[in-house]
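Before any comments, here is the structure.
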There are 2 protein chains.
Amino acid sequence: MPTSASSSPPPAAPSAAGAVSATPPALEPVQARFIELFVAAAEALGVPRSLGEIYGVLYASPRPLSFQDIVDRLALSKGSVSQGLRTLRSLGAIRAAGLPDDRREYFEPETELRTLVGGLLRDRISPHLEHGRQRLDRVGAEISAGKGLSRAEAAVLRARVQKLENWRRKGAALLPVLTRVLS
Amino acid sequence: MPTSASSSPPPAAPSAAGAVSATPPALEPVQARFIELFVAAAEALGVPRSLGEIYGVLYASPRPLSFQDIVDRLALSKGSVSQGLRTLRSLGAIRAAGLPDDRREYFEPETELRTLVGGLLRDRISPHLEHGRQRLDRVGAEISAGKGLSRAEAAVLRARVQKLENWRRKGAALLPVLTRVLS
DNA sequence: GATTTTGTTCAAAAAAAAATGAACAAATCA
DNA sequence: TGATTTGTTCATTTTTTTTTGAACAAAATC
């Protein structure tokens, strides 16, 4: 039998922090705090709360945790944890640490800021910057083709497209620098 | 009677772009394109689609638009437009341009990237960085107070808090630089 | 080869976020 | 003053996102 108890201790009264408690290996208050922190961050970044919880519980654990460990500690279904782990992995926010002696996978948090920020940017910003150029070109073409636009209006819009292309260019240049600066 | 027609022209067939059409002053295709662009950006940034539409219709207009102009051009309710304009203003993404001769307010987009990015960061990231320090200190204190932690475990967690504080510090240092770099 | 352990998938339920629209307010106009 | 225009507010509805949990699969174990 693995480290964590599996029989049922007297069901702990729902602990201080709202959605953070669980039944079997009740969370230390410190750990609940960590989790709150990452839940808040998740909200700020617009990613689902459960991702914050999962990353948080890993960040707050001195040792890697297995899938089941996570399900036990958080009040989340297996489904959520499974999908959450997948997402976090695809973002590069966590890493599988194979504890050698058993079959289960164990997870630990990636703690390099650059990796985390980089993952999010790659996932949510870069795609737009990449396909952006062609799309802007097409918009430019449509301005010329536009029936309902006076010459002066067309000029304003063309200037705006140009401005967008500048945004795009700056953005594309900035991303790599950003992740480099985040040591 | 104001500029925009108010009687009912034969209801234009729903125009190409999905949610972008409107009835009276049907959008030029170019303008629908602009709007699509900003709707996509809104999704990437995790702000409501309507904000993208509103900013988009302003960005795609060679002249400032009034509240009513926007309601007419977009398939959005007055309520949504009212709230959307307020949010965009508080983000600094649009600006009121008072056309002098009439009572209505007119809006135009803020086209400086730094203003836009700055607004979002100020709104969604800065608050966390500001209050972060104290919260981290409190977590640190709780680690020491923690009953269920071995000395070694406490050390790992303390190191993690330290790492978070580093993140926070770097983030706080980076934001101003960022908005400066975005010329 | 049956059973248990470990985890994934995905339709359905629940929760959260966004949009609507009717009631309301304030300014202008007749 | 009464009617109109311009917009705001906010309870309700709609839509979207997230979570759940039961059914399933694959590997290990008995």
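Here is how names work: the chains are called A, B, and so on, in the same order as the sequence lines, proteins then strands, and each is numbered from 1. Atoms considered below: every heavy atom in the structure, side chains included; atoms not considered: hydrogens, waters and symmetry mates.
Rounded to whole angstrom, the span from the CG atom of Leu76(A) across to the C1' atom of dA14(C) amounts to 14 Å. Nucleotide dT5(D) holds its C1' atom 13 Å from the CG atom of Asp72(B), rounded to whole Å. In this structure, the CD atom of Glu53(A) is 14 Å from the C1' atom of dA15(C), given to the nearest Å. What separates CD of Glu43(A) from C1' of dT18(D) is a distance of 13 Å, to the nearest Å.
The side chain of Ser77(B) sits closest to dG21(C) out of dG21(C), dT19(D), dA18(C).
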Is there any protein nitrogen or oxygen under 3.5 Å from a nitrogen or oxygen in nucleotides 7-15 of chain D, and what are the pairs?
| residue | atom | partner | partner atom | Å |
| --- | --- | --- | --- | --- |
| dG7(D) | OP1 | Glu105(B) | N | 3.3 |
| dG7(D) | N7 | Lys78(B) | NZ | 3.2 |
| dG7(D) | O6 | Lys78(B) | NZ | 3.3 |
| dT8(D) | OP2 | Ser82(B) | OG | 2.7 |
| dT8(D) | O5' | Ser82(B) | OG | 3.4 |
| dT9(D) | OP2 | Arg86(B) | NH2 | 3.0 |
| dC10(D) | N4 | Gln83(B) | OE1 | 3.4 |

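Without hydrogens or angle criteria, Arg160(B) side chain to Tyr59(A) main chain gives a donor-acceptor distance under 3.5 Å. Side-chain N or O atoms of Asp69(B) include one that pairs as donor or acceptor with a backbone N or O of Ser66(B) at under 3.5 Å. A distance-only check finds no donor-acceptor pair linking the side chain of Ser82(A) to the backbone of Lys78(A) [under 3.5 Å]. Under the 3.5 Å distance criterion, the side-chain polar atoms of Glu43(B) are left unmatched by any main-chain donor or acceptor of Ala40(B).
Fit an axis to the five pairs at each end of the helix from dG1(C)-dC30(D) to dA30(C)-dT1(D) and the two axes sit 10° apart, to the nearest 10 degrees.
Under the 3.5 Å distance criterion, with hydrogens and angles disregarded, no donor-acceptor pair is assigned to the side chains of Thr179(B) and Arg122(B). Ser61(A) and Arg73(A) share no side-chain donor-acceptor pair at under 3.5 Å.
A salt bridge is defined here as a Lys NZ or Arg NE, NH1 or NH2 lying under 4.0 Å from an Asp or Glu carboxylate O, and Arg138(B) with Glu142(B) fails to meet this definition. Electrostatic pairing of Glu105(A) and Arg95(A) does not count as a salt bridge here, judged by no charged N lying under 4.0 Å from a carboxylate O.
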